[in-house]
Amino acid sequence: MTEINTFDLLDSISWSALRHAYGSAWDVPAQLRALRSGNAEIKENAQRSLCSNIFHQGDRYEATAYAVPCLLKVLEDSSSSAFARVFLIGLLVHLALGYADTFLPNGVNFPEWQEFAEKKQGPEFEAEMHQSHEGFVNRAKNHEERASCNEFRNRMLEKHLSK
């Protein structure tokens, strides 16, 4: 099966028919593409514009949902800088939760999430994943449950380690 490139799908969406904070979302694809720019100024302008367009004063819009897969794709791109990752994680959390400070007493710990994301890219993470899932399998009560747990563990490891 061939993996679909999220950015290839941008042109298949009728962005001008979608709405964001300022009206037609015709400009969102260019902003999403600019997040991958090697030029820091272009990237920062795209971040500012995109955030204002799809998450303006805590509101989300029709175009917001269509932008999320591209934001995730940029986040998982290994060439994204730490600053870009912090921005993307922050924006995605806001898109999912709104302003978390209003209902999470301690807010959201972005540095901790960034540390986890960076750790996940290291070889130690794979060993930790295997070890934590091994305990899950070892707690199985019988052969059938162990086989089911093994299958689940393998799917989870494949999912987490393939990213």
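Everything numeric in this text was worked out from a predicted model, so none of it was measured.
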The criterion is side-chain contact (heavy atoms from CB on, under 4.5 Å); which residues satisfy it with [X], sequence neighbours excluded?
{"X": "Ser14", "value": "Ser16, Ala17"}
{"X": "Glu41", "value": "Asn39, Asn45"}
{"X": "Glu145", "value": "Ala140, Lys141, Asn142, Cys149"}

Inset, instruction - Quick one: which residue pairs count as a ring pair (Phe, Tyr, Trp, His ring centres under 6.0 Å) with a foot in residues 15-48, not counting sequence neighbours? - result: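 Listed once each, the pairs are Tyr22-His56.
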Do you know the tightest heavy-atom contact between [X] and [Y]?
{"X": "His94", "Y": "Phe55", "answer": "O-CE1, 3.3 Å"}
{"X": "Gln47", "Y": "Leu35", "answer": "CG-CD2, 3.6 Å"}
{"X": "Leu10", "Y": "Pro29", "answer": "CD1-O, 4.1 Å"}
{"X": "Arg36", "Y": "Val74", "answer": "CG-CG2, 3.9 Å"}
{"X": "Arg19", "Y": "Glu62", "answer": "N-OE1, 3.1 Å"}

Inset, instruction - Check whether Leu91 and Tyr61 end up in the same hydrophobic cluster, where Ile, Leu, Val, Met, Phe, Trp and Tyr are linked by side-chain heavy atoms less than 4.5 Å apart. - result: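 No, no single cluster joins them.
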Inset, instruction - Applying side chain to side chain contact (heavy atoms under 4.5 Å, CB included), run through Leu18 and Val28 and close with a yes or a no. - result: CA-CA 10 Å; Leu18 299 175; Val28 172; over 6 Å; no
Inset, instruction - Might you work through the side chain to side chain contact (heavy atoms under 4.5 Å, CB included) test for Ile54 and Leu32, ending with a clear yes or no? - result: CA-CA 11 Å; Ile54 66 171; Leu32 290 167; 6.0 Å; no
Distance in Å, [X] [atom1] paired with [Y] [atom2], rounded so as to fall on 0.5 Å steps:
{"X": "Lys43", "Y": "Arg48", "atom1": "NZ", "atom2": "CZ", "value": "13.5 Å"}
{"X": "Asn53", "Y": "Thr64", "atom1": "CG", "atom2": "OG1", "value": "9.0 Å"}
{"X": "Leu72", "Y": "Ile89", "atom1": "CG", "atom2": "CD1", "value": "10.5 Å"}
{"X": "Cys70", "Y": "Ile13", "atom1": "SG", "atom2": "CD1", "value": "7.0 Å"}
{"X": "Cys51", "Y": "Leu88", "atom1": "SG", "atom2": "CG", "value": "10.5 Å"}

Inset, instruction - Could you tell me which residues satisfy ring pair (Phe, Tyr, Trp, His ring centres under 6.0 Å) with Tyr66, sequence neighbours excluded, listed by chain and number? - result: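 Partners of Tyr66 by the ring pair (Phe, Tyr, Trp, His ring centres under 6.0 Å) criterion come out as none, since no residue qualifies.
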Inset, instruction - Kindly write out the residues that satisfy side chain to side chain donor-acceptor pair (under 3.5 Å) with Arg33, not counting sequence neighbours, or none if the list is empty. - result: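 Listed in chain order: Asp11.
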Inset, instruction - Tell me, please, which residues at least two apart from Ser148 pass side chain to side chain donor-acceptor pair (under 3.5 Å). - result: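 By the side chain to side chain donor-acceptor pair (under 3.5 Å) rule, Ser148 matches no residue at all.
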Inset, instruction - With sequence neighbours left out, write down each residue that passes salt bridge (Lys or Arg N to Asp or Glu O under 4.0 Å) with Glu151, or none if nothing qualifies. - result: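 Partners of Glu151 by the salt bridge (Lys or Arg N to Asp or Glu O under 4.0 Å) criterion, ordered by chain and then number, come out as Arg155.
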